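What follows is a single structure, written as structure tokens, with notes after it.
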Amino acid sequence: MSRLIARFARASEMAYLFLFLAMALGSGSIAQAGLSQDRSLSQTSSQPKTSLKQGESKPSSDPPPGNATTSASHSQDDSEKPSFADLVADTTRLEGLFPLYHNVEEGELFLELHPDQLNRLHLLVMSLSQGVGSVFLEGFPLEDFPIVFQKRNQRILVTVPNTHFRTQGNDPQRAGVERGFSDSVLASLEIKATHPERGSYLLDIRPLLLTQDLPDLNPVMSILSFAGQENRSYISEVKNFPENIEIEAKLAFSGSGSTLSRIFLPTLPDGRAFSLGVRYSLSRLPELSTYRPRLADNRIGYFITAYQNLSNFSQSDPFVRYIQRWHLEKQDPTAALSPPVEPLVFWIENTVPHEYRETIREGVLMWNQAFEQAGYLNAIEVRQMPDDADWDPADIRYNTIRWFQAFDSGIAGMGPSRVNPLTGQILDSDVLINADVIRMLTRETDSLLSQSRSGWSPEAERMLVDLPGCSQTSCITETIAAEAAGVEGAEEDAQRLLQELRSRSNFPLNHGPRLSCTCAACTQAFQEGLTAVSVLGNLPPGHETVQTYIHQYLRYLVAHEVGHVLGLRHNFKGSTLRRPEELHDRELTRREGLTSSVMDYMPPNLAASGETQGDFFPTGLGPYDEWAITYGYSDFSHLPPQEERRRLEAIASRSTEPELSYGTDEDLWAEVGPEINWFDLSSDTIEHSQLQMQLGREIFERLEQQLPRAGDPPERLRTQFNVALFYYFRQSRALLKHIGGQSFNRHQSPEVTPFETLSLEQKERSLALLEQYIFAEDAFNFSPRLLNSLAPSRWFHWGSSPNFQRVDYPIHEQILSLQGGILRSLLAPERLRRLRDLEMRTAPEETLQVPDLLGRVYRGVWSEVLESRRVATNISSLRRGLQRQHLQLSLDMASGRVHGTEDSRTLARYYLGQLEEALTAALRREGDLDTYTRAHLRDSRMRIREAMGDN
């Protein structure tokens with residue numbers, strides 16, 4: 001029981017994981033949606049031309065009437081049904097996009113569908129309007145897809161048309177395409193009555209909204225052992241407008257409350273039931289007459305709407321890719337600078353605290369700097385939502401900066417948008433900012449790291465040092481398995497969850513790139529910076545510098561999320577703009593940018609000891625941001641398509657300029673280049689990492705000197721130590737990426753190859769710093785006083801349970817687990833394969849060969865043993881632990897348990913042979929060694945001999 005309660009205490013660290021699950025498990029309909037009624041394209045433009053657009057309808061394809069007997073039978077049945085007038089007699093008619101009939105008391109809701117509204121494209125958007133504070137969060141996007149209403153066999157089908165495959169309008173393949181690719185029929189609605197004069201159909205849409213699971217929540221609920229409860233669900237609000245319908249539903253769920261659900265839903269007052277608010281927004285897709293889709297370019301990072309043009313046999317690549325962007329036009333397209341016809345308006349939700357509204361406004365308006373480069377004057381406006389506003393922020397007619405409440409979710413913010421699937425036009429967006437993150441920053445004793453036994457969740461450790469080739473999917477699934485391991489009742493649920501994930505090939509990429517800062521590592525990075533600032537300056541939480549940090553962070557976060565809703569993807573090369581010595585030159589960074597893009601995951605910009613502190617986060621956009629907006633939004637509507645393409649190519653061809661470099665999520669996950677990284681900074685990441693590790697050591701020294709203030713929580717020092725230690729180890733990630741890495745670019749220029757090798761000097765510097773700051777004997781020397789002061793929280797209630805396994809700080813477990821992670825990453829099979837390949841791509845004098853790496857690590861880790869050939873040397877406990885981990889890795893490599901190359905296997909055996917000889921030599925003088933060291937050396941030699949078959 002105590003172990004189970006301890007697991008509950010870790011729920012806050014894992015809550016954000018289920019956001020990925022909700023996204024992934026709720027994506028099946030999107031992944032298979034399509035436009036089968038008419039997949040046609042215009043021959044003269046890049047715009048889709050389809051018969052399923054607004055203003056058009058197809059005649060009913062119902063089968064012809066049967067014989068007279070059948071017709072008479074139908075007439076008799078129809079006469080027994082309630083009439084249209086009878087069904088709506090006690091309802092209120094709401095005029096708008098579709099006439100609605102609502103009876104609040106009875107919960108009835110009917111929709112009137114006219115025959116000329118059949119087969120027209122509409123967009124259905126679903127989001128959470130009420131969450132539970134963890135896992136399911138207010139404002140979280142669920143699903144959005146196009147739908148058409150089709151009449152078949154006296155029923156109305158709700159169909160997601162297939163937009164992925166299209167043909168030109170006169171292509172004879174059109175019929176074959178319709179037969180070859182399926183639409184997705186999500187629901188079938190009974191026609192309750194037909195209006196005798198208008199010929200319109202009356203539909204009861206309550207089942208569609210309450211029981212059909214259009215948001216696709218049931219897979220997650222099933223794993224959590226919850227099921228929907230129709231008799232507790234209801235429609236709470238209905239609003240009808242000329243262009244859209246807004247319906248709010250409260251969906252109830254109940255269950256036995258599995259162990260897994262109790263771990264991930266700690267906020268419920270009773271774990272057996274909860275309700276979610278789901279906002280359904282239905283609107284017409286806009287006409288295609290004035291919006292001109294813009295073709296994507298791989299050198300510039302935009303989200304993409306793609307389809308296959310099956311009429312085009314002249315291109316090897318059948319895909320047509322449009323960037324996702326707003327329909328923004330200049331009042332005067334020929335003017336160098338012109339106001340837009342209609343600006344983009346973002347509303348700050350009235351729930352945002354007053355002290356942060358101006359900071360949020362600045363973050364949004366930061367993008368006008370980029371739009372001016374694209375020729376727009378005041379392209380974006382920010383307005384404040386009145387306290388007495390009669391509209392809802394979830395209404396898709398309004399783009400809002402929303403302030404949502406959560407409980408230790410780890411999410412900083414999100415930037416979801418709704419997009420026309422035919423053209424890529426962005427129709428609506430919301431920026432979501434987590435109020436809990438700001439609260440954690442203002443209360444420095446809170447930490448996402450402090451809940452677990454060791455101080456970090458497994459996922460956090462993977463974020464610290466990603467193994468080469470480690471995908472986000474594998475990291476998350478491993479984390480789920482680790483959290484459930486050994487917890488009674490949770491392992492089976494976790495396995496079901498993992499099977500569901502593995503069956504969905506698009507996880508987590510279906511929604512993930514449209515969201516920002518959805519992992520705890522992001523929030524941890526910001527928290528690390530504030531801890532450093534507070535400890536180094538011995539500042540109280542309300543100090544002016546602390547407040548400056550918080551406001552700069554919030555402004556940067558908002559700008560990052562607004563970049564997403566403008567269509568931009570991450571650019572993880574953005575942080576490499578400045579040399580280390582330029583980072584704190586405020587005059588330079590405010591004039592020309594601290595980074596080339598705010599679309600990077602940037603760490604706090606912390607000055608070294610004795611250096612003047614610059615801005616913690618960017619206060620303006622960078623050159624990449626301006627360039628990307630220029631490509632996406634420059635107004636060429638007055639020019640013919642061929643001239644637009646020429647000008648766009650001229651803009652994109654600037655990609656070879658260093659400050660316009662671009663690398664995004666899939667480049668990051670491939671672990672190919674050290675400059676494509678998150679939480680790094682400066683053009684010399686090796687030097688910056690060294691400076692930050694030195695800063696980390698200074699923080700440890702300050703913690704030795706600083707006692708908690710009177711009234712501070714007793715766990716304050718432990719939290720600060722955890723955060724500082726994580727920050728220290730995080731720097732190793734940039735160093736590791738230089739070993740086996742290579743520079744990668746998307747330039748598409750014949751003068752520059754996509755891959756460029758790194759210098760041997762960079763690899764040697766990285767290895768030297770890892771040896772000095774991570775593996776060295778004196779890397780971690782903490783005083784007994786400090787370690788004995790690291791007390792944990794002892795509160796015991798929901799959301800804050802004490803740890804039943806370790807109360808004192810597990811220093812060996814902590815250091816050795818992180819050292820081991822770095823060692824495993826350094827010697828990972830994929831890294832060794834890349835080093836082997838680089839031997840053929842690199843000049844001999846610049847090559848770091850696999851034997852060089854393995855030999856250097858061997859000599860560094862076992863230096864005490866190798867040196868003992870001359871003089872006996874006792875080995876400390878941390879070094880013994882590191883040596884055991886290296887020995888096990890070497891044995892696994894030599895035996896083939898690690899699936900590396902044959903070269904790595906034979907080299908591992910070679911160095912094990914050398915180590916066995918060195919251990920034998922050291923043991924000849926074992927009388928001069930302490931018992932710890934003698935036992936360690938004997939055991940190590942025995943393990944090698946047993947594995948090598950030498951008794």
Side-chain angles (χ1 to χ4, degrees), residues 465-470 670-677 686 732-744 753 755-772 774-776 819-863 865-866 882-919 940 943-944 947-948:
V465 183
D466 283 350
L467 300 180
C470 168
E671 292 288 324
V672 60
E675 75 279 12
I676 306 174
N677 201 4
I686 298 177
S732 63
R733 190 174 190 278
L735 303 176
L736 287 167
K737 288 174 76 76
H738 284 82
I739 304 168
Q742 54 196 312
S743 178
F744 172 68
T753 59
F755 297 96
E756 296 181 16
T757 59
L758 305 177
S759 69
L760 180 61
E761 188 268 341
Q762 290 176 295
K763 304 164 192 172
E764 294 284 355
R765 284 175 63 199
S766 297
L767 277 173
L769 290 177
L770 288 173
E771 291 170 347
Q772 177 183 354
I774 302 299
F775 299 139
Q819 283 182 327
I822 293 171
L823 185 64
R824 288 190 298 274
S825 177
L826 184 60
L827 302 182
E830 181 62 23
R831 192 183 307 280
L832 300 183
R833 291 189 188 98
R834 294 183 182 190
L835 279 173
R836 183 184 61 172
D837 288 345
L838 284 171
E839 292 175 12
M840 299 182 65
R841 300 177 185 155
T842 309
E845 65 273 11
E846 295 294 331
T847 300
L848 177 69
Q849 296 184 338
V850 175
D852 300 332
L853 175 62
L854 294 181
R856 182 158 180 170
V857 173
Y858 158 66
R859 290 187 294 273
V861 171
W862 293 94
S863 60
V865 175
L866 300 178
L882 178 64
Q883 289 170 2
R884 292 187 185 102
Q885 295 189 76
H886 178 265
L887 176 59
Q888 186 61 55
L889 278 173
S890 300
L891 292 172
D892 289 343
M893 292 169 63
S895 66
R897 287 191 293 269
V898 172
H899 300 294
T901 66
E902 278 298 297
D903 281 336
S904 62
R905 185 185 66 81
T906 58
L907 287 167
R909 293 183 67 87
Y910 172 77
Y911 285 114
L912 283 170
Q914 287 198 348
L915 177 58
E916 193 272 340
E917 295 177 2
L919 290 168
S940 299
R943 291 175 63 188
I944 294 174
M948 304 285 281

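On a predicted model such as this, the values are computed, not experimentally measured, just so you know.
To the nearest 0.5 Å, atoms CD1 (Ile822) and OG (Ser732) are separated by 3.0 Å.
Contact annotation: the side chain of Gln772 approaches that of Leu769 to within less than 4.5 Å [non-hydrogen atoms, C-beta and beyond]. In this structure, the side chains of Val850 and Asp903 stay at 4.5 Å or more apart for every pair of heavy atoms. Side-chain contact between Leu882 and Trp862 is absent, with no heavy atoms from C-beta onward closer than 4.5 Å. Arg841 places none of its side-chain heavy atoms less than 4.5 Å from the side chain of Phe755. In this structure, the side chains of Arg834 and Asp837 stay at 4.5 Å or more apart for every pair of heavy atoms. Leu887 has its side chain within reach of Leu912: a pair of non-hydrogen atoms, C-beta onward, lies under 4.5 Å apart. Under the 4.5 Å side-chain criterion, counting only non-hydrogen atoms from C-beta, Leu832 is in contact with Met893. When side chains are defined from C-beta on, His899 does not count as touching Pro829, because their heavy atoms never get closer than 4.5 Å.
Ser940 and Gln883 share no donor-acceptor pair across their side chains, judged by distance under 3.5 Å alone. Side-chain contact, Arg943 with Gln888: a donor N or O sits under 3.5 Å from an acceptor N or O.
Using a 4.0 Å cut-off between charged side-chain N and carboxylate O, Glu902 and Arg905 make a salt bridge. Using a 4.0 Å cut-off between a side-chain N of Lys or Arg and a carboxylate O of Asp or Glu, Arg856 and Glu771 qualify as a salt bridge.
Between the side chain of Lys763 and the backbone N or O of Glu846 there is at least one donor-acceptor pair closer than 3.5 Å. Of the possible donor and acceptor atoms, one in the side chain of Arg831 sits under 3.5 Å from a partner among the backbone N and O of Ile739.
Listed by chain and residue number, Glu830 satisfy the salt bridge (charged side-chain N to carboxylate O under 4.0 Å, His left out) test with Arg833 (two or more places apart in sequence, or in another chain).
For the side chain to side chain contact (heavy atoms under 4.5 Å, CB included) with Leu770, the qualifying choice from Val857, Leu736, Leu823 is Leu736, the only one to do so.
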